[in-house]
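Read the numbers this way: they start at 1 and go in the same order the structure lists the ligands and their atoms. The figures here come from the full heavy-atom set of this structure, side chains too, leaving out hydrogens, waters and symmetry mates.
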Amino acid sequence: MKIPFSRRTLLRGAVSLPVAAAPGFAAPSAPDYFKQLGVRPIINAAGVYTMMTGSLMRPEVVEAIRATSGQFVRFTDLSEAVGKKIAAMVGVEDAVVTSGAAAALTIGTAAVLTGGDAEKMKRIPDLSGMKSEVVIQKAHRFPYDHMVRNCGIRMIEIETRDQMLAAVNQNTALLLFLNKADPLGQIKMEEFLQIARKAGVPTMIDAAADVPPVENLMKPIRLGFDLIAISGGKGIRGPQSAGILFGKGDLIRAARLNTLPYSDTLGRSCKVNKEEMVGMMVALSAFLKEDQAALYREWNRRVALMRTAVTSVPGVTAEPFTPKIANQVPHLIVKWDSSRIPISPEALMQQLRDGEPSIELVPEPEPGGVVVSSWMLQPGEAEIVGRRIKDILGASK
Ligand SMILES: *Cc1c(COP(=O)(O)O)cnc(C)c1O
């Protein structure tokens with residue numbers, strides 16, 4: 001796929017948008033594997049979705065992967081050295097690179113359950129004789145808590161502070177919190193941690209998709225969660241197959257023992273190798289240094305540009321929208337008067353998908369409209385997305 005961007009947009013991308021890679025920064029001589037396989041690339045106006053292969057790695061991450069792939073090292077030497085370095089970047093005791101935030105949830109739970117005890121580590125998910133309950137607010141239940149349940153635990157759902165106090169007992173292994181559900185639950189983050197501290201039970205938070213802004217990572221660290229799970233491939237733009245588990249030194253040590261290179265462990269299936277470890281370290285460092293204000297300016301510029309294009313069709317309205325917590329980046333909600341433009345949101349999305357180049361929007365359409373995300377677009381693509389939506393709506397009369 002060739003993207004017809006002008007020299008000016010290319011330059012703007014390279015200069016004022018330090019993290020945006022030009023499409024296809026692989027060597028021009030590299031084979032076009034997607035083409036050979038008959039797999040159509042997409043313009044990602046959706047955001048970071050595993051279904052759409054996440055985010056694009058920063059060029060320096062690709063370079064780090066290449067640079068580390070030609071030599072052997074001792075796995076544990078590297079895992080510990082990278083962990084210390086990553087931990088120092090955000091001010092926690094230790095960290096471990098995992099195969100995504102999902103794996104971080106699993107090995108974090110295994111760490112809490114076993115404490116690195118050799119016999120227990122062999123035995124889980126059989127928890128007989130061990131603590132076996134994880135307490136979570138009902139509003140915080142999420143599909144990925146399956147990664148915690150993988151360890152054989154039972155989820156105890158509570159809603160109020162009194163219920164939480166009553167639920168915590170000698171069987172409670174962990175108190176689990178979903179960062180993006182904070183507005184939905186009755187017990188807010190600070191109070192949750194107060195109760196946990198009083199009860200002396202470890203805490204873990206899933207903040208997988210919640211950066212940028214950086215503050216969404218720093219807040220749970222500052223408030224003192226024992227374990228913090230985050231995705232490597234989403235807003236941080238490290239390897240999509242990586243994530244980070246940050247936390248207390250003893251728990252991170254136990255987490256490391258519950259995964260590779262050790263074969264008889266629950267987390268052995270959560271493989272990362274040297275390339276992801278160093279790639280993740282490089283990505284986090286770049287993410288923490290990047291000019292977030294400049295990024296938001298660029299994302300807002302794209303939203304404004306697409307808005308101007310689509311609202312040139314009579315009967316179409318479009319409003320910028322930034323979610324309050326996860327994927328906290330500028331989106332555009334496009335709606336239209338269905339009596340004048342009789343096309344369903346699903347049909348519009350299908351036409352965008354079927355066209356050339358193929359475009360994906362946010363998978364969950366709005367009632368009577370669609371949602372466009374700006375942050376995974378590459379230079380020149382906002383123009384294409386705006387024009388295609390405008391053309392399809394304009395022709396649907
Ligand atoms: C994406 C996501 C995960 C999984 O993260 P990976 O890095 O893809 O493993 C877990 N929890 C939440 C809330 C997420 O959004």
Does His331 reach the main-chain N or O of Ser373 with its side chain, forming a donor-acceptor pair under 3.5 Å? no

Looking at atom 13 (C) of ligand 1, what's its closest protein heavy atom, distance included? Asp206 OD1, 3.4 Å

Please confirm whether Ser231 comes within less than 3.5 Å of ligand 1 when only nitrogen or oxygen atoms on both sides are compared. yes

Give me the nearest non-hydrogen protein atom to atom 8 (O) of ligand 1 as residue plus atom name, then the distance to 0.1 Å. Thr50 OG1, 4.0 Å

Beyond-backbone contact of Trp375 with Val48, side-chain heavy atoms, under 4.5 angstrom: yes

Specify whether Phe177 and Phe225 have parallel, tilted or perpendicular ring planes, treating 30° as the upper limit for parallel and 60° as the lower limit for perpendicular. tilted

With atoms numbered from 1 as shown, which atoms in ligand 1 lie under 4.0 angstrom from a non-hydrogen atom of Ala209? 15 (O)

Quick one, Met189 and Leu223 - any side-chain contact, counting heavy atoms below 4.5 Å? yes

Heavy atom of the protein closest to atom 12 (C) of ligand 1 (residue, atom name, distance): Ala208 CB, 3.4 Å

Is there side-chain contact between Tyr49 and Val362, with at least one heavy-atom pair below 4.5 Å? yes

Counting both backbone and side chain atoms, is some N or O of Leu178 under 3.5 Å from an N or O of ligand 1? no

Show which atoms of ligand 1 fall inside a sub-4.0 Å distance from at least one heavy-atom site of Ala102. 4 (C), 5 (O), 6 (P), 9 (O)

Among non-hydrogen protein atoms, atom 4 (C) of ligand 1 lies closest to Tyr144 CE2, 3.4 Å

Is Lys180 close to ligand 1, meaning an N/O of one under 3.5 Å from an N/O of the other? no

Checking side-chain polar atoms at under 3.5 Å, does Thr259 have a donor or acceptor matched by the opposite partner on Arg268? no

Below 4.0 Å from ligand 1: does a non-hydrogen atom of Lys234 turn up there or not? yes

Between Asn44 and Glu360, is any side-chain donor less than 3.5 angstrom from a side-chain acceptor? no

